[in-house]
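Predicted model only: the values in this text are computed from it and were never measured.
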Amino acid sequence: MEVAGALTAIAANDVTNQPGTVAEEVGSSVNERMLVLFSELNIAKVVLVDDRLDRPLDAALVTKAVGDNAEAQNAVASFFPDIDLSDANGSLYEQIDAILSRFDSNKRDDLAATLAQFDEEAADTIAQRLFDHLMPAEFPVEYLTPAKWETKRDELLAECSTSARTLFLFDHQLGTHGEGTAIISNLAQQDRTAFGAKWFCGLLSHTLDKGAEVSRWRELSEQKSLDLELFMPISKQNLSDGDAFYGAVYRTVVNVYAERMKNSALHAFETAFGQTLEKFKNLDPVDFEHVIANSSEGEGVSELDTLIRLYSIIQRDKVKTELLNQDRLAEFLDTARTVKRVADVGRGLSDDAQARLALLRAEELYEPGSLINQFRDPLRNGDIFEVGTGDSLKLWVLIGQPCDLMVRSSGERAYEDNFKVAVLAPINVGKDGRPPEVKHGLGFTLDRLAGGGRQMGFVEFTKATPVALDVLDLVVLRTDGACEIDTCAEAPSAAFSSVSWDNRATKMRTRFKRIAAKIEGGRGSGGDKRVKELATYLLPPAAPGAIIKRHGAYEKGRFSYGIKRVRRVREPFAASLLSAFSRFLSREAYDHDFSAERRSGS
């Protein structure tokens, strides 16, 4: 593709519009979106400072780019027919120089575009032209070398105001003139409040890969002692991708506001944290003992759960009090509203951004198995399990009334042998990235369940099966969440999260040891065959259905069920799951309409 055609394609690169966005009203080209963004933030000018702006595409640059690169030689062979482009050609420079002298500007740009993928300096020779085509039509853009910047610096800064802001883009490496970070640091020393009010700063780099800006941003901030809110790196590779370039500029201008909101919240959190610890430390010992130990034991609740609950009560109110501080609240809301105006500008989230946000939402919805199992947390409504192995692996979710699942101080549940206490329901997550079929009223949707938060799951109530909690409880005994027990091994020395479960664990081990003794008792008379027969009858099933029951196995004192607890649906979503299941059980059934005409096959 010729450069002129490529530039047009880059500038006109479309995005998927969301109904009602500003982009939908004004169009979706990069130029138009950029104009809306600049208008919303009162950006009246862009200044780009780069030491390679006046770098020509000459014979020396071309020779360097192709001399030891066979791929580059093949790519530009059509520009230099009948010439040996390798280092073996002693006259390579002279021959390239002679042919280049006959090229017009368009052909030079075509050559530069071809070489850009192989050589950074070649890419820099057309950077200005690419940049021009991405900017709004007739928008003021000033290109400066570092020397010209030093001459015009004060004049350009004097032009900046809250109603006419400037976006400054400094090349990271400015040759003998130092680095762009030094310029930004000097601007901050001169007038830090001007960032976001009078100007914005970005850091262009040809050594930075597209998509690596945020990680490099944090590294540079630490290396150069430059606050995150003052700058944002932009890879020059974005100049060849209109959408990516728009996204990079958007991140650059919104950064100062986002960082100020984060800093305001962090200060509130830090102050609240200190106040929370102080109040926690000053709790009356008798009050603390009653809340953590006495009340927990009576209800069969984990002491650690009650401890976290107590801390959350104190911490939540302290944080809210700090955020409601008038000065902090006014600053936060003002910044937030500025960001909101900009956020209305239509833009599509990048794949990376979508993946990050989907994962964050998944973390909000589900507690990871590592936290649950390492904690030896008792079974809860909403616990999710993997059942089976390989191709037969499937997700199931535990549904049960929380009070009925609770183990009391005796080590028993209130309704231990009632099959109605809890069920396991299978979760359909679809296949090959396709969403599962949703049957309204017959299940429950679990958003962001799989695929890094990109895939939903559907709990199928119609296939739910009662579950034996005295078997499923085995997952609590192990820090890996596996539903198994080795009766020949020593009992774990680590205590459980409550006295109730200390008692429960002892009873469970005693029960399974007794069953193992009965099974092994047949080994003397009938050998392994008799043991296998006895295990078939005596192995406690996890559930009556074959789809779960078939994974149960016994081997020399070890019981295993092919079940592993892997995560938990967090509240209030777990309660919503239980409510939906209750509605499913209580759905009305009407007599059939005998007056309706029945057709064959219907």
Side-chain angles (χ1 to χ4, degrees), residues 15-16 18 21 210-219 221 228-229 232-233 243-244 246-248 250-270 272-273 308 311-312 315-316 319-320 323 332-333 335-340 342-375 377 380 382-384 386 395 397 427 429-430 433 435-436 444-459 565-577:
V15 294
T16 301
Q18 300 299 321
T21 62
K210 181 172 67 174
E213 286 92 346
V214 173
S215 58
R216 183 59 176 147
W217 169 55
R218 299 190 180 281
E219 290 172 2
S221 173
L228 292 168
E229 70 178 61
M232 178 60 66
D243 279 339
Y246 173 81
Y250 178 88
R251 182 189 287 117
T252 299
V253 297
V254 81
N255 171 58
V256 62
Y257 304 118
E259 284 303 302
R260 284 175 181 170
M261 282 194 294
K262 284 195 284 184
N263 288 335
S264 178
L266 282 171
H267 291 153
F269 295 159
E270 288 170 356
F273 180 66
I308 294 172
Y311 173 82
S312 298
Q315 187 256 1
R316 180 178 59 243
V319 167
K320 191 170 184 179
L323 287 174
F332 184 88
L333 292 179
T335 307
R337 284 166 184 155
T338 300
V339 173
K340 179 64 173 65
V342 181
D344 285 340
V345 177
R347 77 191 189 285
L349 283 174
S350 68
D351 290 343
D352 287 343
Q354 290 182 28
R356 290 193 301 270
L357 295 178
L359 189 58
L360 183 61
R361 174 60 172 162
E363 290 172 359
E364 180 185 26
L365 296 175
Y366 308 101
E367 187 173 357
S370 56
L371 291 180
I372 306 167
N373 299 326
Q374 290 289 336
F375 190 38
D377 210 11
R380 301 276 185 86
D383 278 0
I384 296 176
E386 289 179 348
L395 293 178
V397 63
I427 305 173
V429 294
F444 185 82
T445 299
L446 293 175
D447 291 327
R448 307 292 183 185
L449 179 67
R454 306 296 287 273
Q455 182 76 15
M456 63 174 281
F458 183 72
V459 182
R565 182 165 58 173
V566 292
R567 73 189 79 170
R568 171 180 291 158
V569 182
R570 296 186 192 267
E571 297 294 356
F573 310 104
S576 297
L577 168 65

For [X] against [Y], the heavy-atom pair lying closest together:
| X | Y | value |
| --- | --- | --- |
| G453 | A358 | O-CB, 3.5 Å |
| I372 | E367 | CD1-O, 3.6 Å |
| P233 | E213 | O-CG, 3.2 Å |
| L228 | S221 | CD2-CB, 3.4 Å |
| L371 | F375 | O-CB, 3.0 Å |
| W217 | N255 | CZ2-OD1, 3.1 Å |

Who are the side chain to side chain donor-acceptor pair (under 3.5 Å) partners of E219, not counting sequence neighbours?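 Scan of E219 (side chain to side chain donor-acceptor pair (under 3.5 Å), adjacent residues dropped) gives R216.
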
Q315: what forms a side chain to side chain donor-acceptor pair (under 3.5 Å) with it, not counting sequence neighbours?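 By the side chain to side chain donor-acceptor pair (under 3.5 Å) rule, Q315 matches no residue at all.
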
Counting distance only, does the side-chain N/O of [X] pair as donor-acceptor with the main-chain N or O of [Y] below 3.5 Å?
| X | Y | value |
| --- | --- | --- |
| N373 | S370 | no |
| Q455 | V429 | yes |
| R251 | V214 | no |
| S312 | I308 | yes |
| S215 | A212 | yes |

Check step by step if side chain to side chain contact (heavy atoms under 4.5 Å, CB included) holds for Y366 and L446. CA-CA 10 Å; Y366 308 101; L446 293 175; 3.2 Å; yes

State, yes or no, whether a side-chain contact exists between L449 and R567 at a heavy-atom distance under 4.5 Å.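 Yes; the side chains approach each other to less than 4.5 Å.
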
Do L395 and E386 have side chains that get closer than 4.5 Å, going by heavy atoms?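 L395 vs E386: side chains touch.
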
Which value, rounded to the nearest 0.5 Å, describes the distance between R356 atom CZ and L359 atom CG?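 Interatomic distance, R356 CZ to L359 CG, rounded to 0.5 Å: 10.5 Å.
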
Could you tell me the separation between the CD atom of E229 and the CE atom of M261, rounded to the nearest 0.5 Å?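 The CD atom of E229 sits 12.0 Å away from the CE atom of M261.
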
Please determine whether side chain to side chain contact (heavy atoms under 4.5 Å, CB included) holds for the pair V256 and R260, giving the CA-CA distance in whole Å, both sets of side-chain angles, and the decisive distance to 0.1 Å. CA-CA 6 Å; V256 62; R260 284 175 181 170; 3.5 Å; yes

Can you pull out every side-chain hydrogen bond (donor to acceptor under 3.5 Å, both in side chains) where at least one residue sits in residues 444-454? Sequence neighbours excluded, please.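 Sorted result for residues 444-454: Q354-R454.
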
Start with the C-alpha gap between R568 and D377, add the side-chain angles, then the distance that decides, and say whether salt bridge (charged side-chain N to carboxylate O under 4.0 Å, His left out) holds. CA-CA 11 Å; R568 171 180 291 158; D377 210 11; 2.6 Å; yes

Between V397 and L577, is the side chain to side chain contact (heavy atoms under 4.5 Å, CB included) condition met? List the steps. CA-CA 10 Å; V397 63; L577 168 65; 3.8 Å; yes

Does atom NZ of K262 have more than 12 heavy-atom neighbours from other groups under 6.0 Å away?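 Yes.
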
Heavy-atom neighbours of F273 CZ exceed 12 at 6.0 Å: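 Result for CZ/F273: open.
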
Under the side chain to side chain contact (heavy atoms under 4.5 Å, CB included) criterion, do F458 and I427 qualify, and how do the steps go? CA-CA 5 Å; F458 183 72; I427 305 173; 6.0 Å; no

